[in-house]
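First up is the structure itself, then whatever we jot down about it.
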There are 2 protein chains.
Amino acid sequence: MPKRVDHEERRTEIAEALVRVAGRRGLHGVGMRDVAAEAGVSLRLVQYYFETKEKLLLYGLEHLAAGFGARTAARVRAAGDAAGPRAVIEALLLESLPTDKESRTFHLVYTSYAVLSVTDEALAAQPFIENPDAAEDALAGLLRQAQDARLVAPDVDTRTEAIGLLALSAGLGTGILVGQRSPESAVAVLRHHLDRIFRDGEMRSAAGTEGRAG
Amino acid sequence: MPKRVDHEERRTEIAEALVRVAGRRGLHGVGMRDVAAEAGVSLRLVQYYFETKEKLLLYGLEHLAAGFGARTAARVRAAGDAAGPRAVIEALLLESLPTDKESRTFHLVYTSYAVLSVTDEALAAQPFIENPDAAEDALAGLLRQAQDARLVAPDVDTRTEAIGLLALSAGLGTGILVGQRSPESAVAVLRHHLDRIFRDGEMRSAAGTEGRAG
DNA sequence: ACCATCATGGTACGTTCGTATCACGAAAAT
DNA sequence: ATTTTCGTGATACGAACGTACCATGATGGT
């Protein structure tokens, strides 16, 4: 047999080529031939590793989501070493803003997938439910953690606040994507809301501490 | 000449057919023939009233945006007769949530357009900047108005809050669209944030009134 | 050394899409 | 009454797309 290539690695390369061309020309209008050319392989090869386009798209979505998860985890880990919950939360939310070109590509393609999944039942809407739910749980946990550390007021509904922050950052992200809003202003708005949550926490928990512990 | 048909009316009918089929099968994968069949006319007719597909898509976007604007204005007008700024703002924000099927279609197709506009330069990104900017101005104005009526604390940055509310509602809308979130919970989150803005206003402006006016 | 199998290339096929072309009836203009 | 222009239909065309098919080196197993 020939050189016994690593299939998974090859699939990854092709999937990344798919994401690249989708970031340039849009997920619509990306064809097998485009992916093949971008990956530097023949059309047959793309067919070989992914038998059908649908499977290619599905794998591309999984790869995209996995990459985002890893990037976010790395960013959170990097921020979580020294700083407190606020920094971790900020890192988590800022990662989901299309600030640099790489992040821009991710958000564009991911949003394209999300829109596609509404009408194309083949593209499971599962990732678009599970992943946000996981993020929501994580963020709610971090907020609760901050609440325990008296950085956030005890009467704050961490679940609702987590939902709101994620939806806010998603909305700001699309605003950046379509060119309506600058990344800087989006970051400012996001920080403003974080300030609100954490500032209120300081004030009220300080008052609460006085009342309770003298 | 034959029956001298109203061009604009015909274009509207076809554009609405476009939106309908786009809501069912997605904006991608909507072809001239599909639109023609949905509108109950021949392919040639679609070509006749819109020479090219690009022009059809553009007109469809304009029609969609105009319809949304009219619907929002009507809803705001209906709410603005009796109630205060809070009700008006709530009406404005709730209209931009895909609660019923009609609104769902609008949001899906509009979002599809937005995603398209990022890569297809033909589809002007203009509507996706101008319209949100207008909504932002309107909402900021309403908040300022509420601030003048002492319903919102004077130290609230109305512009930032308007941006945040709109981004929040956009993000919640996508969450509903992909099936991650129920319309009810989205409405609850939105109301929660409105409560926060207006509740803080009552408390602080009451305190401020005592301090200033005794 | 042989052979079965893996990796890869080239290419053809059927479909669908947007667009262009040809054709014709019908009514306003003259 | 004729002519010209408008509205509409049917259909053809070229391109692009996803997929299928055939071919062929290369190499690990025996």
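Naming convention: chains lettered A, B, ... in sequence-line order (proteins, then strands); numbering from 1 in each chain.
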- Message: Tell me whether A/Glu38 is salt-bridged to A/Arg25, with the criterion being a basic N under 4.0 Å from an acidic carboxylate O.
- Response: no

- Whole-Å gap separating C1' (D/dG18) and CG (A/Leu56): 12 Å

- Note on the structure: Separation of C/dG18 atom P from B/Lys55 atom NZ, nearest Å, is 16 Å

- Message: Please pick, from D/dG18, C/dA7, D/dT8, the nucleotide with the shortest atom-to-atom distance to any side-chain atom of A/Tyr49.
- Response: C/dA7

- Item | Spacing between B/Asp34 atom CG and C/dT16 atom P, to the nearest angstrom | 11 Å

- Task: Output yes when B/Glu161 and A/Arg196 qualify as a salt bridge under the 4.0 Å nitrogen-oxygen rule, no when they do not.
- Result: no

- Among C/dC17, D/dT8, C/dT8, the one nearest B/Leu45 by side-chain distance: D/dT8

- Message: Let's see if you can work this out: which of D/dT8, C/dT19, C/dT8 has an atom nearest to the side-chain heavy atoms of B/Gln47?
- Response: C/dT19

- Show your reasoning for whether side-chain contact (heavy atoms from CB on, under 4.5 Å) applies to A/Val115 and B/His28. CA-CA 10 Å; A/Val115 171; B/His28 75 287; over 6 Å; no

- Message: Under a 4.0 Å threshold between the charged nitrogen and the carboxylate oxygen, would A/Arg11 count as salt-bridged to A/Asp6?
- Response: no

- Query: Could you state the CD-P distance from A/Glu51 to D/dT19, rounded to the nearest angstrom?
  - Reply: 10 Å

- In whole angstroms, the gap separating P of C/dG18 from CZ of B/Phe50 amounts to 14 Å

- Message: Can you work out whether A/Arg44 or A/Gly29 has the more 5'-proximal nearest nucleotide on DNA chain D?
- Response: A/Gly29

- Starting at OH of B/Tyr48 and ending at P of D/dA10, how long is that distance when rounded to a whole Å? 17 Å

- Message: I need the NE2-P distance between A/His28 and D/dA16, as an integer number of Å.
- Response: 15 Å

- Nearest-nucleotide 5' precedence on DNA chain C, A/Val41 against B/Lys53: A/Val41

- Item | Candidates C/dT11, C/dT8, C/dT19 - which lies nearest the side chain of A/Leu43 | C/dT11

- Look at the side chain of A/Ser42 and decide which nucleotide, out of C/dA12, C/dG18, C/dG9, has an atom nearest to it. C/dG9

- Message: Would you call the rings of A/Phe106 and A/Phe68 parallel, tilted or perpendicular, taking 30° and 60° as the class edges?
- Response: parallel

- Query: Checking all strands, does A/Val46 fall into the base, sugar-phosphate, or nothing category for heavy-atom contacts under 4.0 angstrom?
  - Reply: nothing

- Kindly point out which of D/dT19, C/dT8, C/dG18 is positioned nearest to the side chain of A/Met32? D/dT19

- Message: What is the separation between atom NE2 on A/His7 and atom C1' on C/dT8, rounded to the nearest whole Å?
- Response: 11 Å

